[in-house]
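Read the structure below first, then the notes.
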There are 2 protein chains.
Amino acid sequence: MTAPQLKPETLSKERLRLWLRMLRVTRQVEAALREKLRLEFDSTLPRFDVMAALFREREGLKMNELSKRLRVSNGNVTGIVDRLAEDGLVERIAIEGDRRATRVRLTPAGCDAFTLMAQAHEGWVNELLDGVDAEDAHHIGELLHGLPADTGARPR
Amino acid sequence: MTAPQLKPETLSKERLRLWLRMLRVTRQVEAALREKLRLEFDSTLPRFDVMAALFREREGLKMNELSKRLRVSNGNVTGIVDRLAEDGLVERIAIEGDRRATRVRLTPAGCDAFTLMAQAHEGWVNELLDGVDAEDAHHIGELLHGLPADTGARPR
DNA sequence: GCGAATTGCTTCAAGCTTAAAATTTCAAGC
DNA sequence: GCTTGAAATTTTAAGCTTGAAGCAATTCGC
């Protein structure tokens, strides 16, 4: 199929090209999703991510766990949760026995809102990845899995 | 190899899974690169992107062209170029015949700085994508190419 | 020529993001 | 009890990002 690449220099370049392409596709898809979320739900991707994490843990998560799960900084989550709480989509609940921590949970309204968004979201992704059949998806998924970047192995 | 996927519902889910994995890997790699750039060059990814575009066009680009090439908003580029100019890495040059537009070009210092960064950058990517051989890279690249998201076809 | 649209760029408000500093609370050790 | 340190969260400063509004300068239609 492909000519055998012998020089390591070529491998490095090939990986760089792959990275640049992945980056471009990812950004494109992200931009499309962001625009859809904004226009149809007046929301954002970070808000969606937070709600998705909370949807899977119906009893809620500590701010701590939330930022670890989403792999974003602590302070970042604070602001997003603030804004979601203002809109009545999530609520902060005191944890008894530890007055430092708070648990964040979707409100019923937040749960309903997320259900709608998640459905639309899956549809958008399905359209955006049109051309990738199940086998390709599976194949690429396998390759990306196992990558140092994908495992729990944080760089350094 | 893989069991045949008959239901379209499954295809949609499979694509969603692929997207989530791509997103995670991309973010992880981006985070690693950002940290490296910060620690070793006291710089950022957006600055690197701008300098890379200007490095390829040694005569410089109009703000216009720059933002189109990087696919970011006009106002965005203004700020990044402002900061690069403060550091003496790029310069704004008046375009004669059109007093609205300006051409942005790497300074010699900016050119040197970018050469160093680009070399390190390729090395980092090579490490981060360790495990992807040339054939895989090529294969995934081909699949991502042709995607609606990768072609010039902007969503909507 | 002249008014009107267009183009090129900047400014602005809002939100996202990080790293680092600050705050408050809890947990040990003594 | 008191001190010291760790843990959970928020605050802060700086930068990135967008969409929309604003300002010039240019071009077009007539």
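Protein chains get the first letters and strands the later ones, always in sequence-line order, with residue 1 at the start of each.
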- Item | Carboxylate-amine/guanidinium proximity below 4.0 Å for B/D98 and B/R103 |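 Answer for the salt bridge query: no.
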
- Query: Would you call A/E57 and A/R69 a salt bridge, using N to O less than 4.0 angstrom?
  - Reply: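 Salt bridge between A/E57 and A/R69, a charged N being under 4.0 Å from a carboxylate O: yes.
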
- With a cut-off of under 6.0 Å to the ring centre and 45° to the axis, is A/R38 in cation-pi contact with A/F41?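 Pair A/R38/A/F41 does not count as cation-pi.
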
Between atom [atom1] in [X] and atom [atom2] in [N], what is the gap in whole Å?
X	N	atom1	atom2	value
A/L61	D/dT9	CG	P	11 Å
A/I80	D/dT9	CD1	C1'	15 Å
B/R83	D/dA13	CZ	C1'	13 Å
A/D82	D/dT9	CG	P	13 Å
A/N64	D/dA6	CG	P	16 Å
B/R47	D/dA14	CZ	C1'	12 Å
A/K68	D/dT9	NZ	C1'	13 Å

- Query: Roughly how far apart are A/W19 CH2 and B/L33 CG, rounded to 0.5 Å?
  - Reply: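 Going from CH2 on A/W19 over to CG on B/L33, the span is 6.0 Å.
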
- side-chain hydrogen bond (donor to acceptor under 3.5 Å, both in side chains) involving A/D87 - partner list, sequence neighbours excluded: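 Per chain and number, A/D87 pairs via side-chain hydrogen bond (donor to acceptor under 3.5 Å, both in side chains) with A/R47.
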
- When the ring centroid of A/F114 is compared with that of A/F48, is the distance short of 6.0 Å?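 They qualify: ring centres under 6.0 Å apart.
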
- Message: Among residues at least two apart in sequence or on other chains, which ones pass side-chain contact (heavy atoms from CB on, under 4.5 Å) with B/D133?
- Response: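 Once residues adjacent in sequence are excluded, the partners of B/D133 under the side-chain contact (heavy atoms from CB on, under 4.5 Å) criterion are B/E135, B/D136.
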
- Task: Determine the stems involving DNA chain D; a stem requires 3 or more consecutive pairs of the Watson-Crick or G-U wobble kind, each with both distances below 3.5 Å, and the answer is none if no such run exists.
- Result: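 Output for stems: C:1-30 with D:1-30.
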
- Boundaries of the chain B footprint along DNA chain C (any atom under 4.0 Å from a heavy atom):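 Result: C/dT7 to C/dA19.
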
- Task: Select from B/K62 and B/G79 the residue whose nearest nucleotide in DNA chain C is closer to the 5' end of that strand.
- Result: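 Nearest-nucleotide comparison on DNA chain C picks B/K62.
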
- Task: Go along nucleotides 19-24 of chain D 5' to 3' and tag each nucleotide: B for a protein heavy atom under 4.0 Å from its base, S when only backbone or sugar atoms are that close, - otherwise.
- Result: S-----

- Query: Considering only heavy atoms, which members of residues 87-98 of chain B lie under 4.0 Å from some atom of DNA chain C?
  - Reply: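 By residue number: B/R92.
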
